[in-house]
Every structure is written in C-alpha cells, then in structure tokens.
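Beneath this line is the structure, given in structure tokens, with notes to follow.
Keep in mind the model is a prediction, meaning the values are calculated, not measured.
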Amino acid sequence: MDFHIEKAYEAKKFEDKIYQKWEKSDAFTPKIDKKKKPFSIAMPPPNATGVLHLGHAIMLAIQDIMIRHHRMLGDSTLWLPGTDHAAIATQNKVEQFLAKKGKTKYDLGRKKFLQEVNKYVKNSQNIIRKQIRKMGSSCDWTRERYTLDKGLTNAVQEIFIKMYNDGLIYRGDRIVNWCPRCESTLANDEVEYKDAKEKLYWIKYGPFTVATTRPETMLGDTAVAVNPNDKRYKKIVGNKSMIPGPLGEFEIRVVADKRVDPEFGSGAVKVTPAHSFDDFEIAQKNDLPVKSVINEKGRMKKNCGKYAKITTLQCRKAVVKDLEKLGLIEKIEDYEHSLSICYRCGTPIEPLISKQWFINVDRTIIKDGKKKKSLKEKSIEVVKNKEIQILPSKFNKIYFNWMENLHDWCISRQIWFGHRIPAWYCKNCDEIVIRKEKPIKCQRCKSTEFKQDPDTLDTWFSSGLWTFSTLGWPKKNKDLKYFHPTSVMETGYDILFFWVARMIIMTTYALDEIPFRTVYLHGLIRDREGRKMSKSRPETCIDPLEMIEKYGTDAVRLSLVIGGTPGNDMRLYEEKIAGYRNFVNKIWNAARFALININKEDLKNNFEQSMIKSFADKWVLTELQKLINEVDRDLEKYRFSEAGTKIYDFFWSKYCDWYLEISKGEHKNPAVLLFVLKTSLKLLHPFVPFITEKLWEFLGEDQLLINERWPKSDKKLIFTEEAKTMDLIHNIISKIRSVRSELRVEPAKKIHAVIYAGKYIDALEQKREALMRLARLESLEIKDKGPKIKKAKAAFVDKTEIYLPLKDLIDLNKEKKRLEKDIGSKEKYIISLESKLKNTGFIKNAPKEVVEKSKTKLENEKENLKKLKKQITELQ
RNA sequence: GGGCGCUUAGCUCAGUUGGCUAGAGCGUCUGGUUUACACCCAGAAGGUCAUAGGUUCGAAUCCUAUAGCGCCCACCA
C-alpha cells in the first residue's frame, strides 16, 4: 500500500491528541443501561498537593487496564476520578510557603488562610488532572469529585449526624497522640516510629528507684505502679507516699498493674496519666488523679512553677540538673528505643489529654438480622464471609488482626483545613447541638448565641465515604443504585488500614452495603537496590512524567504492570522502561510491515473463514485463540502481569518472528496478516492504549479502538493438527539454524539439506519455500524416508531426520565431543523416564495424559539416541 | 514481643490445581546491511530452585526445622 509512516514510533507526537479524541468521543462516560453489566472503580483520589509520582502511575496503569478491558467487554464501565483535600498534608504545604515569607497562619487568620489553601489546591488539582490524562487514564471526567466539594461535604455532615444520633460518635477527654508542630491530634495509625538514641534516667523516687526517658513528666506523676506479684511491694500497694522532687515533695499512690515488669530496674514505674497511653489506662482503672503539665505547643504548663512555658526538652535538661543537685539521680544510661513521631512532619508525638470527638467502634448498634453488631464486627464479617475479596489473600489475616485490635477512632483534628465538625455550642449554657447549620435558638436557655466547634474532621473520615459519596449519596439517585457497590478497589497495600478498612467501616454502616467486591492491593515501587525511593536520594527517584516524555506512556505503563505481582514490591529502573519502549516500537513496525504488504481492498474486507489458506495461517490463528483464552483467564483473576507477558510473547515471538517472516515469501496472506494484527491490537489496547489506537486509525478504521469489542476465542479458528505441523516446521528451521551456528557456517552461505519427513512429507513440501528461505538453504530434498547419509551432519526433530552435507566444515573432534555430550544427557533423561514408567505408583496415580506423554517422549528419545550413536560411530 | 512474607540464571523477576529436561527480560558471548523494526535478526553459554528433613508414584510448588533478608502491628517505663 502506498503511504508513509516513520520508522520509529514517537509517542510524544500522538499521545495528547489521541487522549483528546477519546475524551471528546464520550468514550469515558458510561450510560446507565439495565441490559448491561455495570463495572465501576472509584479512583483513589490523589492528594490535592504536589505532583504525580510512581505510586499514582502504577494505580492508574492497573486500573485503566481493568477499565478498558471491561469497557471492551461491553460492560457499562465507570471510572470515577477525583482528588482528596488531604487536610494535614495540604495545610502543611501552605504553611511552608507562608513560612518562607516569614508568616504563619495566625497572621492571616482562619478565613484568609483557607483562601490561600484553596488557591493552592485549585492550582495543583489542575496539574494532577493533566497528569492523570498523561497516563492515558480513561476515567469519566464528567463525574469528577473532590472530597471538599459541596456534595461530599453534605455527605460528611449527614453521616456525622447519623452516627451521633446512633450513639456512635461521642466527645470526651481522652489521651491522644498530639503533634505539637501541627498542633493537632493524630490517629493511632498516623503515628510512625523511629529508632532514637536517648538517655535513660534512673531516679531515686522515695522508697523506689524508677527509670524514665522523660524526667520532665515527673511533674505530672500521680502514682507508682508495681507488678501485683512483686513480693517486695505487695504490702504497700494502695499506700500513699511522699516523693521528693525538684518542685518539692508531692504525693503519689502505689498501684499494681500486671504490665509492670518486675525484672526491669527496681520493678517500679512512675505513672504520668496525662502524658502516656499506658499510664492513662492505669489511672482510669485505679481512679487516679490526672495532672496535665504539658500544653498543646509542647511547652510546660503554668502549674510547673519555675519550669512553666519552656519546652519539654528544655524542661528535661533543667529537671535533670536540679535532680542532680538534689542527689536524686542514681545513674544515666545510653538508651535506644523507638520514638513516636508524626507521619506528616516527623515531630515527636506528645501524648496528652484533650477533649476530642471519637467514633465508637465497639458499641453494638448495627442491626443485622436479629443480632446487633458493632462497626468492628460488621467490618470483619463482610470479609470473613467473602462478600469482599482481598487480593492477595495474605492481607486477609493482616486486615483481621488490625480490625480486631481497633480502638475508638479519634476523628477531630485541630487544623483549619477540612470539614468543620457540625457541632455548635451555646455560648450561654454550653449546650451542644449537632446540625449542619447554625442553630437559631438554644433549646435549653433560649440563647441565640452559638459558636461552631473549631475543629475539623480527620481526612480519612471523608475518604471513608468515597465510593458512595461520589455517586451522589445521600440522594438515592441512579448512579448510586447502578454503580454501587463498586466492583474493584485497587490501591497500594500501604493504605489498607488508613483507607480501605475505613471505607468498609463507613460504608457498611451508612448503606448497609459493602463499598466494593474486590480489593486489589499492589506493591510499592522501589529503586534498583530495593530501597524506597525518597526525595533525599534524587538519583534513585524515577519521575514518571520524565519517563513518559522520554519513552512514552505506553512503555511506562508496561514497565509498571509487567513483572509485578499483587502485594509484592517491585523494583523499577530506566532500562526496564526502555525495554518496553522497544516492544512498543515493535508493534509499530509490525503494523508498518502489514500496511506495506496489503492493499486498500484488503483493508475493507471482513475476515472470513474461507480466507484461511496455509499451515502458517492455521498455526497463527490457533495460537491466537489459545492466547485469547489464556488472557481472558488471567484478566479475570487479576493476573495482569501474566496476561501482558503472554500477549507480548505472542506478538513478538510468534506473530513477528515467525508469521511475519513467513509472510515475506510465497505464503503471504494479507487477510490473516491483518486479522491477527487487529485482534492483537485489541488485546494490547488495555495495556498500551495510545499506540494501538493510533495504529487502528492507520488500518483504516473510522471507529475508535477504545469502543471496540473484546475478541472472543473462536473454535472454528483452532486447527490443532495443522498447528502441530507448523510447530514441527519451526523446530526444523531452528534446528538447522542452530547446527549452522555451531558449525560456524557463515549466515550468508546457503547450504544443502535432506529431510526424511515421514508422514509430514506433504506438509514440508508445502512449506518448502519458507523452509529454504528461513534456514538459508540452497537446495532441499524432502523424502518420506531413506538411508543414512554419510559425510553429513545429522539432526533429529521429533521423528524427522535432517541431514546437512557439510563434511568439509565439520571439525571431527569437536563434533564428537558434542555428540557425546548430547548422548550423555539423552541417556540420563531416558533412564529417568524409564524408571518413572516402571513405577506402578506413577502409572496408577498420575493422570492418563501425563503417562501418555511420558511414553511417547521415551519412544522418541530412544529412537534419537540410536541415531546419535550411529552418527558417532560413523564419524570415526 | 506478636504477625506476615521473601530466598529460583550475573541482575530484575515469572512459575496458576504438585505432573514435559524450571522460563522471560536485561546483561554476557558468537555471528549478521535478510521485504517492518540495530529500539532489529539468528544462535549460544549460564540453575544444588537458601539449607536439612518429611509427605507423595512425583516437590521450585505441600509440611517441619534452620539460616539470611524484608515488611506490618504493638510497645518496653
């Protein structure tokens, strides 16, 4: 055909234009159609900060594969995109910007500060939208949502009120993880740990010696705890005792708690209820007074006398100094332990008592049949009874373990950016009113003055509603009814608890429905050495956008999908991406070849059974049907890497290396060439959407590939016998090539060959041209059988014998060694096969096909061994 | 401390229900201007499937133990 396409595929030239075409065509926007099956994914919303990284790239690649596949299957397919306001992360970013200008959020005030944040968010949302498009993501932009938009905010308030009314949300004084830098609470799982070298101070503590890493908390001590079985202290448990301290004597009580290890130090622990989780629990159990000495900024409170207002660290030094003066320090040791830090800013956590909002996960309230269940129980149940399937399944246990140990969830955050808590306090009588808008009149005191709770909600509270709030809830609209529960939740295993678990909790409660049927967890992308990519080592970081620029999106997508298995981390490096760029280029060139070899009429013709001609045609069609079957199975079971590898292998090693090569000779068949190419493009499309769409256009199609139907494996296109014959021909060609190479025959030199083909004589005759061309033969004799040919190199493929009269070229010694090696390994193999077949257990228990296969294999090998042995005698 | 996982070619990794002489890509080596593609083609070398036992007719695959590596959770005052 007459046309011009560049030799090398240049992704950059086409990708953006192709994406625009898709978007304009409405291909991304599904129609609600009751005759169709719905398939939906709620895209994990990227934070409204920063830029696209590899974590986003892998999730977009995997999800887009599922989405495109299902769209092509004819399902009504929705992929709903959006962004997350990511409260603390975003607020921190903006605070950093302000800090550069020497300002703090307090300089601006709440209202202005939030305006700044929103400006920043708008900007980065635009960047993210562009980048999601860059990845080729076929998501429905008409349904895009934002966790802080009107509808979602309404959903958040609605749920809060419902939970409050059900007694699942309460407000109380609890010990919380407090970040003094963010000046906010953190949920338990927002706390990270790092190893730190600190000091352990041994303090003379009245009748005890106690060890602590935090002497400054001594100012808030109200008890000493000992192990209940510790004989030394049994008598004094319950007593009060006066302890000398830097601010004079103070009173403590002696309590017993089994958590205390009698072996450690003197077996006594000082108890600071207001600033330690364990101590708080001990205090609650024993009804101890709680003395708070550290404030929200990480500084000592007024009640600390001369230490007031200084930071905890300053206070630690001062207290130690004073204790030393008093002779109360017994010793100071180096001590390594894990320090809890804020997951956002790395500041050490300060546990303290604070009035916060909590979700009660243990209260049994959800009616499930006759029984009442807690949020926790319900969330465990839906996974236990397989309503929700988690992949890979090893995460089931991890999920259960986490859920079972879940404590009440602190949902209030003392930051400005986020959903305001819909709680109002009467300025006059402190009455609490829970409602969306400001109340008009206090029911109790008739006051009209209210102030709203200043706090905002944990960002995961709103993302926990993501699958249904984005579909319009609390309105019961068509989208929600049709697309919920969503089909798959695909995300990284690192946010299984943060997010996935919370969606299960919130959705089963709000809708009495699961949020998704399958959870697919991908691994993290690591650098070449298997380390986490981190900004502190920029040389190991791969920027997906830079890679897209260099190698194209299709290559980047393949490199993220192939070679990875669910739940396992994957290493990524540039050469890998370059390798897949090569494959993308191969697709391009295969299409070029096809286009050169077919004419316009061929393009118009539909493929029909009558167009199938040669063995090669039947072989490639058979292989294609096998491929479709396997890919279907793999995709159904979420084995994306396997599916991708198989298509890659078919296309390169079978279609290009064999079928295209054969097509260069007299067996050219444009109909099959084109049909297989088109079907391959369809199979490839979910993986490499851009190049396949572009080539689809070149092939004269006026409809977009994205909307084509997924290929179905067709029994009429499977020719088992002919395919086997073709495999034999391939093997013969490979054998001759291999012999040539071993014997150092120059590639350009054409040689003679004789083949005794037995029953395959006709088949080989039909493929004579291909055989001669691909094996580079000058002449070829094909007979059913004949005498051994002397002075020739012999080779055997199945039951055919190949003779290459090359006597002059053969180095007799080398050839002898080769033959001996060959004979050796054959003999070993034959022995292993024989002993297997003599084994009655094997004959009895193994499936018939396995036994049969072994038998024929043995027969063939025995025969070939005989031939090899003859060869070696003839050499001498 | 509790839980989970990994160990397969020089490197990165597949290996589905236990069943062909364990595969791929990269790298290495030997050659190559063939009707698309050097981002290519042909060929080759390279493995004690971490180790030791066990179950089985048969184990990379299942079980037990050991070693090394990694992750998660809880937390030690």
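Between A:Leu660 atom CG and B:A42 atom P there is a gap of 12 Å when expressed in whole angstrom units. Taking atom OH on A:Tyr399 and atom C1' on B:C72, their separation rounds to 16 Å, with Å as the unit. Between A:Ile562 atom CD1 and B:G25 atom P there is a gap of 12 Å when expressed in whole angstrom units. Between the NZ atom of A:Lys857 and the P atom of B:U21 there is a distance of 7 Å, given to the nearest Å. Protein atom CZ of A:Arg581 is 16 Å distant from nucleotide atom P of B:C37, rounded to whole Å. When the P atom of B:C13 is taken as reference, atom CD1 of A:Ile525 falls 11 Å away, rounded to whole Å. For the pair A:Asn731 CG and B:G43 C1', the interatomic distance rounds to 15 Å; values are reported in whole Å. Rounded to an integer number of Å, the gap from A:Phe497 CZ to B:G3 C1' is 10 Å.
Looking at heavy-atom distances under 4.0 Å, A:Glu661 makes contact with a base. Within 4.0 Å of A:Gly563, counting heavy atoms only, lie sugar-phosphate atoms of the nucleic acid but no base atom. Here A:Lys586 lies in heavy-atom contact (under 4.0 Å) with a base. Nucleic acid contact for A:Asn839: sugar-phosphate only, since backbone atoms but no base atoms lie under 4.0 Å from a heavy atom of the residue. Among the heavy atoms of the strands lying under 4.0 Å from A:Val260 is at least one base atom, whether or not backbone atoms are also near. Here A:Arg571 lies in heavy-atom contact (under 4.0 Å) with sugar-phosphate atoms only. The residue A:Lys646 sits close to a base: some heavy atom pair falls under 4.0 Å. Within 4.0 Å of A:Arg773, counting heavy atoms only, lies no atom of the nucleic acid at all. If you check every strand for non-hydrogen atoms under 4.0 Å, A:Glu861 touches a base. At the heavy-atom level, A:Thr213 lies under 4.0 Å from the strands shown only through sugar-phosphate atoms. Residue-level contact check: A:Glu642 touches the bases, meaning some heavy atom is under 4.0 Å from a base atom. A:Asn405 comes within 4.0 angstrom of nothing in the nucleic acid, heavy atoms only.
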Checklist line | ring-ring contact (aromatic ring centres under 6.0 Å, His included) between A:Tyr520 and A:Phe640, worked out | finding: CA-CA 11 Å; A:Tyr520 178 100; A:Phe640 306 113; 5.4 Å; yes
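A residue-by-residue look at A:Phe277 and A:Ile398 shows that A:Ile398 has its nearest nucleotide of RNA chain B further toward the 5' end. Position along RNA chain B of the nearest nucleotide to A:Arg528 versus A:Glu746 favours A:Arg528 as the more 5'-ward residue.
For B:C41, the OP1/OP2 oxygens have a side-chain nitrogen or oxygen of A:Trp652 closer than 4.0 Å. Contact annotation: A:Thr565 side-chain N/O to B:A14 OP1/OP2 distance is under 4.0 Å. Close to B:C4, at under 4.0 Å from its OP1 or OP2, lies no side-chain N or O of A:Lys394. An OP1 or OP2 oxygen of B:C40 is reached within less than 4.0 angstrom by a side-chain nitrogen or oxygen of A:Asn582. For A:Lys844 and B:C57, the shortest distance from a side-chain N or O to OP1 or OP2 is not below 4.0 Å. For the OP1/OP2 pair of B:G43 and a distance below 4.0 Å, the side-chain nitrogens and oxygens of A:Ser734 include at least one atom meeting the criterion.
Side-chain contact between A:Ser680 and A:Val676 is present, with at least one heavy-atom pair separated by less than 4.5 Å. Between A:Val320 and A:Ile332 there is a side-chain heavy-atom pair separated by less than 4.5 Å.
Comparing the C1' positions of B:C57 and B:A52 gives an interatomic distance of 23 Å, to the nearest angstrom. Separation of the C1' atoms belonging to B:U8 and B:G23 is 10 Å when rounded to the nearest angstrom. Taking atom P on both nucleotides, B:G70 is separated from B:C75 by 24 Å, rounded to a whole Å. For the C1' atoms, the distance linking B:C20 with B:G15 amounts to 14 Å, nearest Å. Across the C1' atoms, B:G19 and B:U35 are found 44 Å apart, a figure rounded to whole Å.
A salt bridge between A:Lys199 and A:Asp334 is present, with a side-chain N of the basic residue lying under 4.0 Å from a carboxylate O of the acidic one.
A donor atom on one side chain and an acceptor atom on the other are not found under 3.5 Å apart for A:Asn669 and A:Tyr659.
Residue A:Leu521 forms a side chain to side chain contact (heavy atoms under 4.5 Å, CB included) with just one option from A:Leu391, A:Asn568, A:Thr491, and that option is A:Thr491. For the side chain to side chain contact (heavy atoms under 4.5 Å, CB included) criterion with A:Leu684, the lone passing option out of A:Val584, A:Ile647, A:Ile691 is A:Ile647.
Across B:G25, B:C75, B:A36, the shortest atom-to-atom separation from the side chain of A:Tyr648 is found for B:G25.
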